[in-house]
Each structure stands twice: as C-alpha cells, then as structure tokens.
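Working notes, beginning with the structure itself.
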2 protein chains.
Amino acid sequence: MTVTLADVAARARVSPATVSRVLNGNYPVAEATRERVLRAVDELDYVLNGPASALAAATSDLVGVLVNDIADPFFGIMASAAQSAIGESATGRGGGEKLAVVCNTGGSAERELTYLTLLQRQRAAAVILMGGSLEDPEHLAATAGKLTKLAEAGTRVVLCGRPPTPGDASAAALVFDNRTGARRLTEHLLGLGHRRIGYVAGPADRTTTRHRLEGHRDALAAAGVAEGPTVHGPYDRASGHGAAAELLARDPHLTAVVAANDTVALGVCAALRERGLSLPGDVSVAGFDDLPFSVDAVPALTTVRLPLHETGARAGRLAMGAEEPPAGGVERVPGELVVRGSTGAPRG
Amino acid sequence: MTVTLADVAARARVSPATVSRVLNGNYPVAEATRERVLRAVDELDYVLNGPASALAAATSDLVGVLVNDIADPFFGIMASAAQSAIGESATGRGGGEKLAVVCNTGGSAERELTYLTLLQRQRAAAVILMGGSLEDPEHLAATAGKLTKLAEAGTRVVLCGRPPTPGDASAAALVFDNRTGARRLTEHLLGLGHRRIGYVAGPADRTTTRHRLEGHRDALAAAGVAEGPTVHGPYDRASGHGAAAELLARDPHLTAVVAANDTVALGVCAALRERGLSLPGDVSVAGFDDLPFSVDAVPALTTVRLPLHETGARAGRLAMGAEEPPAGGVERVPGELVVRGSTGAPRG
DNA sequence: CCAAGGATAGAAAGCGCTTTCCATCGGAGG
DNA sequence: CCTCCGATGGAAAGCGCTTTCTATCCTTGG
C-alpha cells in the first residue's frame, strides 16, 4: 500500500498534525521534531497525496495556462516564460511549488470551456488565458460567466494577449496593441511608396485578427489609399502559401503583402518565390510577432516585434500574485516595428 | 458557498450516492431519475470537486506531458498531437474527459523530477515523457526509481522520443531512430562528394545528441573519411549561428555542415551567409527533424523527417490505454531523409 | 517559590466524493 | 397467491489530509 501521512507520523512518533505542519511549514515546529519527521518522510519515501491535501485545504497548487496552439512558437514562448515565472515565485501555501500546466485549446471555444471547467474542478490556484479569443457573443458570455465563477472561487484569472471579456471584470489583462502595431507596419509600406497592398488575415471572428486588420485599414484610410484584396485563413504557413496566389489573382499588380503573422508571411514568401517573383524587388512582404526564425528568413522579415517572453513572464507573476495588477485591470503592451530586408520601395 | 453533490442530491430528491452514479455513469440508474439529477446539476450550476473525487476514487483524470522545451516546435507538435489523441480517447472512469497538461522541464533534470513528483502527488492517470534525457547516471537512477513508483501506483508511463531508462521496464517507449537517420544524412553528403564535414551537436550528455552524433560518425567511419570539427550547444538558433564561425575557424575548407536539428541549421545558414558564403555553392547545410519552417528556408533545408505528429498521437493513445504497447515495450520509429536545396555537390 | 504566558504538540472534526453492502419494490414463474 | 430475482436506490464508511481548539511543558518575572 501507499505510504500515508499517518505512517510517517507513527514512524516519527508524532501526531499526523505535526507531520502536516512540517510539510507545509506554516506553523512553528521544534527543530528536533522537524528533523525527525523529515527523516521519516525520507525513509518511507513518502509522497503527499495531492487530492487529499487539496480537498482539506480547499485549494490546489495547479496553475492552468490555456493556449490556442501549443505547436505555434508564439504561444510556446509565452507559455514557457509564464511557466518559468511561476516556478520562480513559489509563494504558495507553505511556499509550495506550483504545478504550471499548459492546456491546448486548439482555438476551439468548446475546448476552452472544457478546460476551464476541468481546472475549476481541480480548484486551480490560477488560470492564464493566452491569445486572442473568438468573438462569438454566445461563447463570450459563457466564458465571462466561467471566469467570474472561477474568480469567485478564489482562482486568479489573467489574460495575456487577449482583451478582457465584456461582462467580466475579474481578470487582470495584458493586451498587445495589435492595432497600433499593424498601423505602423502599413504606414511603413505606404512610406516606401506602396499603393497596392494585399492582406492575409487570420481566422475571422478572432480579436487578434480583427485588431490587426483594423490597424491596417486605419493606416490606409489615413493615407487615402484604397484597400487591396484581403484573404482570411488560419495562422499557419499553408494559409499564407495559398493566400498569396489568391491575392495575386485578385490584383496582379500588388507590390506588397502584409501577413497576419510571421508564420503566414513565410508561406507568402514561398509562394511568391515559386511564381518567380523576387523579394522585395517585385513584392514586399511583412509579418507580425517577430518569431525567432523571422530574422533568418531570406530576405529577413520586416515585422512588428511583440515582447512575447516578457509579457508571458508578467502573466505568470500576476497569476502568482507576485506582481501588482495594472491599474484598471488592463494594460496595453506595445509592439515595435522592425524593418528588415523583406520590404523595400516598389519598382518604378 | 460552493454547491456540493449533497446539494444536488437534495434538490433532485435522491441520495448523494445516486448523484455520483449518474455523474460517473457506471451503475444503472433509471432514466427518469437520471434526468432529474441532471436537471438539478444544471440548475445549481454544479461543478464536481476534483480533489474530493480523486481522493475517494484514488485516481485523477490528469495526464502529464513532460517536454524539454515548450517553445520549440519539435515538442509543441508532439505535445499537441498527444493532447488531441488524449482528448479523443475519452475512456476514463465513467468516460470522463482527461485533462492533458504539458509541463516544461527546460531540459533540467531537477525540474523533471519535481514535475514527476507533483504528478505523482496528483495521482496522475498517465505521464508521457517527451524528448531525449540527460545521461547523468545519478539522474537516470532517480528517474528510473520515480517512474517505477509511478507505474506501481497505477500511473501509465510512456516515453516518446526517449530511450527507456535502464532499470525501469515499466514504460512503453517510442524512440526515434536518430542514429540511422543521422547516418543516412551524412551518407547523402558523402555521396555528393563532401569530405570535410563539420558538425554542430546538441548539448552533451543527452541521448538525442549522442545518437545523432554516433550515426554521423558511423557514416564517416564506413566511408573511411576523417571526422571534421564538432561543436556542442543548445538546440537553438543562436547555437548554430555561433557554432558556424567556430567550425570555420577550425577548418576553413569545410564544404558541409550537419546541424543537430533544423533550428540550429537555420542559425548556421545565417552565419554562413553573413560571411558571404553561398549555399549550397560554397557550403552545404543539413538539419534534422523537418520542422514546418524548414521547407521555406532559403535554400530549403535538407533534413531527416521525423513523424512528430503521428508519434505524439501514438504516445497519447498509449497513455490512454487506447492502443496496445509495442511488443517488448520499445518501438523504433524511423526517420526519412528529405533532400532539398541546401545540400549539393562541393565545388571543384 | 508561584502564577502567567509563550512555544509546541495532540485530538478530532471535517473537506466532498465514491463505493460497498443492504433494502425495497415490482413482476415473473410456479 | 406466494416466492424469488432483477433492477434501483439509500446508508454509511471511509479516502488522506488540514486546521481549529486544547493541553502541556518550560521559561520568565514578581
């Protein structure tokens, strides 16, 4: 049978209460006793029963990190940073280590809710939601309700790269200023002289997609330039690859393409090159996010750098209560335009 | 206060036992009763208390997925596939959904052990360890002990892309045939006529690093070609970038460089290009893994494709007991040489 | 030398659920 | 019409821990 706390107590010739106190370290225990207990723990190879502990204490040391796509470095980087931050600020009950776990929603509203419920079941200490959300009103309402309930139950809720859900004020939010970033990017292209700019957007109905597209349109409108063709698709390489052809079909005279993110931009570049077009000579291409591989693309990608690592780390600290939430609950995180070789002046 | 099962029972005018049975569905309950209970659950917005449930039933629905670096698509892809597979084979107690959680060890032996203990605490249903392990004997022994204990406690253990730990026969293992893959890759280079080949290896003391390096050496030895310079470093872009200079310093006449993986290869390419060398004209470069961006590199990367997605999915199914473990517990997963533009015949 | 108070440790009551017996009820078979 | 059995539902005993409330013991001050 498994070793229980009572076994340890018997072996150390103390009461279970004392063992618990030694393990949780939030109550004075004489040094000699403590050592005796620890020795017993060691000798018996005792492992605390998490569920029992969580049940009695009414909280667990689980911290959930929900991401849209774990295979996407955008999320991987943020999640990794958050996880490190959580590991470092071990301020749990009794200074206990938190178990940061990342859950892959695949961008599905349904799975997001499922995970949220599961985490609620587990009485998670905190939940971080990363990445833009679906803008379906029904889903939004369901999510807001869940988050409110979570917060009421004492779970800290942090949004990272995701706007606060209307109707839910329970969460601290770190939101990327996608709109301004996208505007800067398109302004850059306009400044170079481009007037026919195609746009490969992310999936429709997502906040990130919409904000970036709005920024792009803002810039065009401010400059009085007509909007070029736009294609929607997932945030992956194939999407960009397919969209490039579509864009060119809709306007053969495009001189620039802005992509929803760097991964998509890479697909666009590949498709363009396959058609014999040179970059940026024939067509300029820009991305978003500045993922690690973007600097190594050929030509290197012009993009908007988001402080993924730092923001993820902050989210982790917020989840641990190791950092004060921003005033008003929401903080806008700016992106930075990074101009590299993939954009240049149009020919002629 | 939170709603408990007893509240639901009261509302549905049945006993707590009946509610539990409806929720777990492993005992006959009359249709009318079941509906009454479900309605009560709905009306009260009841959420099962995970810890309490896990305590009473002595298992939880947590499945841990340990990865070395969550920001690396190599792991992201496998983890994502595993998580999907786990979600699909919902065969838990009462068909309950499993909570697949991924934990980032950062390649640290210590954190790996910490996570394993935490998962053991939670009485996880299964644990998947992804990626090569550290070959430190002490760590290996500690891990083997942990895994054995986990298995004894009823937790299914699956290794994915990681050789079985000596002294622990409790786990099913899916291991990539890194050695053969690496051999094929170097044979390809030798076949093109390369005789001075540099090698950028992963971190020392890791199984993956060693196996790939061995395969490389196998090929050289079989062809009677002297080994070129080798540099070790982490599996990231910066490592490749720095290593390229080092390699060239050690042998200015290199005609090819083999990298530990595609990410590293990208760094190598960048550094080479910065020095004004053309690819593959002056130097051929090869990677490993065939990550999504590899086909879009310029020139496209010659590499060894590993069935990351499929293997991750199989690991997930094994963890759920939805697939028979391989005979003997270990299965070798082959890689496939993919020749693309980054390798060519050496000049002259 | 005695009372008071701080420092430790123990007793015991749950935490919310699962599950093993049992009890009950209605109908089939004799 | 009575017995027996299958189908259902309830009672209650934990699962292993935390934590409040007490009990003790030793030290300290008067």
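Here is how names work: the chains are called A, B, and so on, in the same order as the sequence lines, proteins then strands, and each is numbered from 1. Side-chain atoms are counted along with the backbone in the values below, which use heavy atoms only and exclude waters and symmetry mates.
Following rounding to the nearest Å, A/R34 (CZ) and C/dA7 (C1') show an atom-to-atom distance of 15 Å. The separation between B/L23 atom CG and D/dG9 atom P is 15 Å, rounded to whole Å. In this structure, the CG atom of B/N49 is 6 Å from the P atom of C/dC17, given to the nearest Å. Taking atom CZ of residue B/R21 and atom C1' of nucleotide C/dC21, one finds them 10 Å apart after rounding to whole Å. For the pair B/R123 CZ and C/dT18 C1', the interatomic distance rounds to 16 Å; values are reported in whole Å. Whole-Å rounding puts the B/L55 CG to C/dC15 C1' distance at 9 Å. Rounded to whole Å, the distance from CG on B/N26 to P on C/dC17 is 16 Å. Taking atom CG of B/N24 as the reference point, atom P of C/dT20 lies 12 Å away to the nearest angstrom.
Side-chain atoms of B/P28 lie closest to D/dT8 of the nucleotides D/dT19, D/dT8, C/dT18. Minimum atom distance to the side chain of A/Y27 is reached by D/dC21, of the listed D/dT18, D/dG10, D/dC21. Here the nucleotide nearest the side chain of A/V14, chosen from D/dG9, C/dC15, C/dG10, is C/dG10.
Within the nucleic acid shown, A/A58 has no heavy atom closer than 4.0 Å to any nucleic acid atom. Within 4.0 Å of B/T4, counting heavy atoms only, lie sugar-phosphate atoms of the nucleic acid but no base atom. Counting any heavy atom pair closer than 4.0 Å across all strands shown, B/V19 reaches no nucleic acid atom.
Between A/R36 and B/L5, the residue anchored closer to the 5' end of DNA chain C is A/R36, taking for each the nucleotide with the nearest heavy atom. Looking at which nucleotide of DNA chain D each of B/A17 and A/A6 is closest to, the 5′-most match is held by B/A17.
Nearest heavy-atom pair across A/A85 and A/A313 is CB-O, 3.3 Å. Across all their heavy atoms, A/Y115 and A/N104 have their closest contact at CE1-O, 3.5 Å.
For the OP1/OP2 pair of C/dG10 and a distance below 4.0 Å, the side-chain nitrogens and oxygens of A/S15 include at least one atom meeting the criterion. Taking only side-chain nitrogens and oxygens, A/T18 comes nearer than 4.0 Å to OP1 or OP2 of C/dG10. Here B/S53 does not reach the OP1 or OP2 of C/dC17: none of its side-chain N or O atoms lies under 4.0 Å away.
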List the steps and the verdict of side chain to side chain contact (heavy atoms under 4.5 Å, CB included) for B/I70 and B/F75. CA-CA 6 Å; B/I70 202 181; B/F75 292 103; over 6 Å; no

Go through the steps for A/V67 and A/C103 under the test side chain to side chain contact (heavy atoms under 4.5 Å, CB included), then give the verdict. CA-CA 6 Å; A/V67 302; A/C103 310; over 6 Å; no

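Between B/E112 and B/R162, at least one side-chain nitrogen of the basic residue sits less than 4.0 Å from a carboxylate oxygen of the acidic one, meeting the salt-bridge criterion.
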